[in-house]
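So you know, we letter chains A, B, ... as the sequences are listed, proteins then strands, and number each from 1.
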Amino acid sequence: MKIPQMHIPDGFINAPVSVLFLAISAFFVFLALRGAKNQLDEKVAPLAGLAAVFIFAMQMINFPVAAGTSGHLIGGALAAILIGPWAGVLAVTVVLIVQALVFADGGLTAMGLNVFNMSILATLGAWYIFRFLQKILPKNRIGFLSATALAAYLSVPISAIGFTLQFALGGTAAITLDKVLVAMVGVHSVIGIGEAIITVLTISAVLSVRKDLVYGASNSKVSLIK
Amino acid sequence: MGEIQSHISVGIYEHRHNWFHELPSHIKIASVFSFVLVVVLTPGYFFQAHLSYALIVISLLIWNKVPLGLIRKRLIIEIPFVLFAFFLPIFGTDPRIDFFGLRLSEPGLWAGWNILIKATIGVMMSLILSSTTPQRELLVGLEKLKFPKLLVQIMSFMIRYTVVVTEELKRMAIARESRCFEAKGPKQWGVLARSGGALFIRSYERGERVHMAMLSRGYTGQLPLTTRQISSRQDYINGTLLPLVAVAVILIWSVFLK
């Protein structure tokens with residue numbers, strides 16, 4: 001069995017909060033559009049577009065865990081470290097919108113909620129954690145990959161905290177919040193391990209052959225190749 | 001065009017003729033979105049209204065001949081939240097009531113029902129939208145709804161290259177298998193991730209090649225649109241039908257139940 005992705009459906013969070021997060025997400029996407037234009041110029045559309053396809057394809061690879069279950073990548077941290085935070089936000093956002101509109105995968109009114117958790121919190125969050133760790137960890141391959149691992153790991157529970165926040169604001173009052181927080185963060189702390197391993201393995205594979213394509217490595221002068 | 005389109009297309013669009021299919025996409029997106037918004041706004045305990053919505057959705061599904069297989073697949077996507085909805089009556093807050101011999105939380109039962117019905121209606125409406133609108137039309141619709149042009153462009157690239165990149169992924173899987181690779185557990189993650197890394201490099205390089213090809217054809221950051229849909233007043237009237245019916249459902253039932 002493949003564990004499906006957690007896309008919040010319509011009606012899970014009430015309408016006012018859904019619309020509020022639609023506005024918040026729209027604001028961040030606007031920032032990302034501006035940031036990516038500065039970073040990539042008129043290259044944004046083809047590169048972010050192909051990055052979106054890549055994230056979408058990565059999510060389709062089944063990583064077997066045990067006893068017939070398999071997981072897959074969420075990809076926020078991977079996108080941020082490979083192509084930069086703003087282009088990463090755009091790529092993950094576009095994956096979510098296309099999934100909802102073309103594949104009917106994800107609720108239309110819940111779009112803002114999902115973009116906020118998976119594209120803004122997970123992708124931007126992972127990027128800032130990664131940047132911070134890069135400063136304090138040794139400037140070599142091990143340090144770089146450790147920063148990647150932690151950023152990818154934390155991006156998953158951070159996303160879950162975003163979900164809990166939305167639930168606190170506009171979810172049902174029929175269950176106490178601490179139960180939701182413990183369950184969501186608990187489950188996602190486990191899922192994060194897989195996310196960290198897959199992200200590190202993928203990025204280290206790219207680093208070994210095309211270091212110049214890894215945005216997160218673009219300012220490091222030391223050799224990150226084995 | 002038609003033949004090529006059907007060969008390379010991704011997604012779940014099926015070509016048919018009726019006014020819903022032919023509704024200009026920006027009107028259709030707005031119409032479906034506002035219908036779902038009205039459903040989400042309707043309180044869960046308004047049982048009759050939700051059953052009426054469900055009837056509307058079912059008739060739309062039948063009228064537009066949405067295949068059963070697709071409906072089943074979309075319902076599977078909901079599973080994590082269905083589980084959540086089922087746990088609510090068990091772990092929910094007091095008071096407890098007897099429900100078929102079980103002591104369940106009353107607010108939990110209502111909340112679970114609320115989530116189940118709204119999520120199902122929402123996912124079915126998305127399914128109706130995506131199976132009645134070609135992807136290119138969806139993009140034109142988003143642009144008409146004032147989505148940022150750049151975002152629509154990125155989406156058009158994603159839609160255009162999804163088939164190419166996923167075919168590449170399949171070729172990689174065949175190459176792995178022909179070398180007797182079998183993914184059994186986490187031990188094989190390294191190989192899968194290296195395939196992913198290679199896929200990234202290939203996708204990135206493809207992006208650069210596409211960009212060069214576009215520049216050499218005069219690309220300045222704007223994509224020309226080849227089709228311009230003309231929407232008549234009748235289209236706008238048809239488009240407001242769906243949300244109007246939803247509002248009417250609420251009004252009629254509130255009067256009726258008084």
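Figure legend: cation-pi geometry between R160(B) and F157(B), with NZ or CZ positioned under 6.0 Å from the six-membered ring centre and within 45° of its axis.
Both the backbone and the side chain of L199(B) come within less than 4.5 Å of a heavy atom of chain A. Heavy-atom distances place the side chain of L142(B), and not its backbone, under 4.5 Å from chain A. Interface remark: A100(A) contributes backbone atoms only to the contact with chain B (heavy atom separation under 4.5 Å). Only the side chain of E205(B) comes within less than 4.5 Å of a heavy atom in chain A; its backbone stays farther off. Residue I203(A) does not touch chain B at all, counting heavy-atom pairs closer than 4.5 Å. Looking at L70(B), neither its backbone nor its side chain comes within 4.5 Å of chain A, counting heavy atoms on both sides. Only the side chain of V29(A) comes within contact range of chain B, with at least one heavy atom under 4.5 Å from a heavy atom of that chain. Heavy atoms closer than 4.5 Å to chain A are found in the side chain of L169(B), but not in its backbone.
Side-chain N/O atoms of S203(B) and Y161(B) include no donor and acceptor closer than 3.5 Å.
Between chain B and the residues L90(A), V98(A), V180(A), L78(A), the largest count of heavy-atom pairs under 4.5 Å involves V98(A). Contact count versus chain A (heavy atoms, under 4.5 Å) is highest, among A198(B), A193(B), G197(B), for A193(B). Heavy-atom pairs under 4.5 Å with chain B were tallied for G49(A), A45(A), A205(A); the largest tally goes to A45(A). Annotation: maximal heavy-atom pairing with chain B below 4.5 Å, among I55(A), T93(A), L82(A), N14(A), occurs at L82(A). Options G122(B), S126(B), P148(B) differ in how many heavy-atom pairs under 4.5 Å they form with chain A, and the most are formed by S126(B). Among L139(B), V32(B), L37(B), V210(B), the residue making the largest number of heavy-atom pairs under 4.5 Å with chain A is L37(B). The most heavy-atom pairs under 4.5 Å with chain A, out of L88(B), I29(B), V39(B), L129(B), come from L88(B). Highest contact tally toward chain B, considering only P9(A), P46(A), G11(A), is held by P46(A) [criterion: heavy-atom pairs under 4.5 Å]. The choice from L108(A), I198(A), I197(A) that makes the most heavy-atom pairs within less than 4.5 Å of chain B is L108(A).
Nearest heavy atom pair, residue A91(A) against residue A48(A), reads CB-O, 4.0 Å. Across all non-hydrogen atoms, the minimal contact from T202(A) to M58(A) is OG1-CE, 3.6 Å. Contact record, L22(A) with G112(A): CD1-N, 3.2 Å, taken as the closest heavy-atom pair. Shown here for G162(A) and N117(A), the closest heavy-atom pair between the two residues is C-OD1, 3.4 Å. The heavy-atom pair separating L207(A) from A217(A) by the smallest distance is CD2-CB, 4.1 Å.
Between F47(B) and W113(B), the ring-plane angle classifies as parallel under the 30° and 60° cut-offs.
A donor-acceptor contact shorter than 3.5 Å links the side chain of S216(B) to the backbone of A213(B).
Residue pairs that meet the ring pair (Phe, Tyr, Trp, His ring centres under 6.0 Å) test with at least one member in residues 123-155 of chain B, sequence neighbours left out, do not exist here. Listed by first and then second residue, the ring pair (Phe, Tyr, Trp, His ring centres under 6.0 Å) pairs that reach into residues 20-55 of chain A are F21(A)-F116(A), F54(A)-F200(B), sequence neighbours excluded.
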